[in-house]
**Q** 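What follows is a single structure, and I will ask about it in a moment.
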Amino acid sequence: MLEFLKTVICPYCFHKFTKNKIMYRCNQNECKKSDKLEVDTIYAEYHNILSESEKRLPHIIVKPKPNREGFAKCDKCQQYTNMMICPKCHSTLPSTLDTMIVSVIGAPGAGKSYYIGALLKQLHTNINAYQCAFKFTTQEAAGIYNTRFESKFEKHTAIDKTNPPGENVNIVGANLPILCDIVDRKNNAVTFTFFDAAGENFNDMSVMAYVAPYISHSAAMILLLDPTEIPFVSHNLGIENEQGRCTYEDILNNIADVVHNQTLTKAESVIDIPLAIGFSKWDLIENSSLCPDGSCVVRQSTHFVNGFSQADADNVSNEIEGLLAAWHQENFISLARRKFKNVKFFGFSAIGANVENSGWVPSITPKRVEDPFLWLLNKKKMNTLIKKAPN
Ligand SMILES: Nc1nc2c(ncn2[C@@H]2O[C@H](COP(=O)(O)OP(=O)(O)OP(=O)(O)O)[C@@H](O)[C@H]2O)c(=O)[nH]1
Ligand SMILES: [Mg+2]
Ligand SMILES: [Zn+2]
Ligand SMILES: [Zn+2]
């Protein structure tokens with residue numbers, strides 16, 4: 001395909017465009033002088049910037065003619081810049097242009113925020129087992145990770161409920177995605193974008209429309225479900241459930257509808273974006289009579305020790321599928337398999353224990369949070385990043 005017609009997905013606003021639509025921002029000193037900055041209302045809106053001074057940024061080259069090295073001439077200062085920006089939201093694009101959206105979706109309170117925080121922490125600490133390095137793509141991403149997750153984990157304070165978008169608020173801007181790069185030994189980098197959406201987005205089709213580009217352009221999806229929402233489980237654990245919440249089936253149907261609408265595919269066609277269905281808060285199951293003898297889910301996974309183990313992923317998925325059936329969730333299992341070509345079940349604990357009534361969050365000791373992500377990388381055949389366990 002002609003290079004300029006290749007498509008790129010913006011990791012911030014999730015819009016897809018051809019490479020020749022990419023704009024540039026000048027990154028040369030002359031255009032960075034404070035009296036030369038220009039108000040960028042589009043960037044400010046997407047990044048939720050309210051301060052007038054922070055809305056002022058260097059000049060944008062709207063119709064750049066980049067050279068082979070990827071530099072374009074600034075039509076204001078005549079210097080060359082290599083800072084590519086998204087034509088839709090004006091965010092800086094990663095230099096690799098190789099972005100993988102892993103969407104994390106689930107109902108309110110399913111455990112998405114803790115999951116993303118714990119997963120990033122695990123990847124940061126352990127991805128070197130794959131001879132890969134982990135880094136946040138931008139300073140902004142590192143800052144967001146620290147404020148949203150790391151500083152809370154250190155202080156043992158709770159992560160706030162993620163804000164649902166207010167009226168006319170740009171949902172992505174109100175809750176910026178976190179971008180990180182995984183770089184292999186040969187210096188091949190892939191940028192991953194994690195968007196920690198508010199759960200409310202998934203049970204209302206009109207709000208769902210906001211997250212539609214994010215979901216439909218995903219390379220892979222992680223659907224998080226709270227097992228204590230299952231009546232059989234909540235009854236057994238003595239947990240009271242809120243009535244009238246949307247069911248697991250509703251969430252799956254909403255997601256499938258959005259993908260079909262966005263990709264103009266028939267409602268009955270099977271979606272081939274791999275779907276990892278992850279049951280959160282598994283520590284609650286582990287510490288209850290619901291946990292089967294000899295359970296493999298409660299053992300730490302070995303994917304960071306011996307490389308990705310398909311056998312372990314299969315064992316976990318089979319055990320959970322069996323439990324779901326015993327907990328009267330057969331309809332959900334068959335719906336998932338009807339709508340999606342590649343489905344795998346996972347169980348994990350992000351915190352490792354319950355948050356105390358006082359609000360004290362115990363030290364984060366995640367179990368199996370990495371499994372769905374590593375399975376998805378393996379499914380996407382990212383062989384340069386994923387090392388397999390010997391059979
Ligand atoms: N026992 C246990 N509880 C957890 C775990 N992870 C999350 N929780 C509990 O679940 C609650 C919700 O978790 P969040 O990560 O904030 O859920 P969310 O899906 O981001 O929720 P919204 O932002 O409202 O959509 C937390 O306040 C915790 O009390 C876990 O690993 N184990
Ligand atoms: Mg949240
Ligand atoms: Zn964008
Ligand atoms: Zn310039």
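Atoms within a ligand are numbered from 1 in the order they appear, just like the ligands themselves.
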**Q** Should A350 be counted as touching ligand 1, given the test is an N or O pair under 3.5 Å?
**A** yes
**Q** Between H260 and E268, does a side chain to side chain contact (heavy atoms under 4.5 Å, CB included) hold up when you go through it step by step?
**A** CA-CA 9 Å; H260 289 307; E268 48 302 345; over 6 Å; no
**Q** When you measure from the heavy atoms of S349 to every atom of ligand 1, does any distance fall below 4.0 Å?
**A** yes
**Q** For ligand 1, is there an atom lying under 4.0 Å from some heavy atom of A353?
**A** yes
**Q** Taking only non-hydrogen atoms of G109, do any sit less than 4.0 angstrom from ligand 1?
**A** yes
**Q** Residue-level breakdown please: for D283 versus ligand 1, do any non-hydrogen atoms fall below 4.0 Å on the side chain, on the backbone, on both, or on neither?
**A** side chain
**Q** Using ring centroids (six-membered ring only for Trp), state whether F348 and Y115 fall under 6.0 Å.
**A** yes
**Q** For the pair H303 and F308, name the ring-plane relationship: parallel under 30°, tilted 30 to 60°, perpendicular over 60°.
**A** parallel
**Q** Among all protein non-hydrogen atoms, which one is nearest to atom 26 (C) of ligand 1, and what is the separation to 0.1 Å?
**A** Y114 CE1, 3.6 Å
**Q** Between E356, K281, K161, K112, flag the one that comes closest to atom 8 (N) of ligand 1 by a heavy atom.
**A** K281
**Q** Is there a donor in the side chain of E370 and an acceptor in the side chain of S301, or the other way round, less than 3.5 Å apart?
**A** yes
**Q** For atom 13 (O) of ligand 1, which candidate among P366, S280, G111 holds the nearest heavy atom?
**A** G111
**Q** Below 30° counts as parallel, above 60° as perpendicular, anything between as tilted: where do the rings of F279 and W282 land?
**A** perpendicular
**Q** When you measure from the centre of the six-membered ring of Y43, is the NZ or CZ of R25 closer than 6.0 Å and no more than 45° off the axis?
**A** yes
**Q** Which angle, to 10 degrees, forms at the Zn ion (ligand 3) with SG of C13 on one side and SG of C89 on the other?
**A** 120°
**Q** Any idea which protein heavy atom is nearest atom 29 (O) of ligand 1, and the distance to it?
**A** V355 CG2, 3.5 Å
**Q** Between H328 and F232, what is the ring plane arrangement, given parallel below 30°, perpendicular above 60°, and tilted in between?
**A** perpendicular
**Q** Please calculate the SG(C31)-the Zn ion (ligand 4)-SG(C77) angle and round it to 10 degrees.
**A** 110°
**Q** If I apply the N/O under 3.5 Å rule, does I351 come out as touching ligand 1?
**A** yes
**Q** For a quick test of reading the model, state the closest non-hydrogen atom pair linking C13 to K88 and the distance between them.
**A** SG-CG, 3.8 Å
**Q** Parallel, tilted or perpendicular: which one describes the rings of F194 and F192, with boundaries at 30° and 60°?
**A** parallel
**Q** Kindly confirm whether the Zn ion (ligand 4) is within less than 2.8 Å of some N/O/S atom in H59?
**A** no
**Q** In sequence, state the C-alpha distance, the side-chain angles, and the governing distance for Q310 and W375, and then conclude on side chain to side chain contact (heavy atoms under 4.5 Å, CB included).
**A** CA-CA 8 Å; Q310 186 64 50; W375 174 73; 4.2 Å; yes
**Q** Should you measure from each heavy atom of A110, which atoms of ligand 1 turn up under 4.0 Å away?
**A** 17 (O), 19 (O)
**Q** Show your working on ring-ring contact (aromatic ring centres under 6.0 Å, His included) between F14 and F195 and close with a plain yes or no.
**A** CA-CA 10 Å; F14 308 114; F195 176 44; 5.6 Å; yes
**Q** Before signing off on this row, confirm whether D160 and ligand 1 have an N or O atom pair separated by under 3.5 Å.
**A** no
**Q** For N354, which part has a heavy atom under 4.0 Å from ligand 1: side chain, backbone, both, or neither?
**A** both
**Q** Give a yes/no answer: is there an N/O/S atom of C10 under 2.8 Å from the Zn ion (ligand 3)?
**A** yes
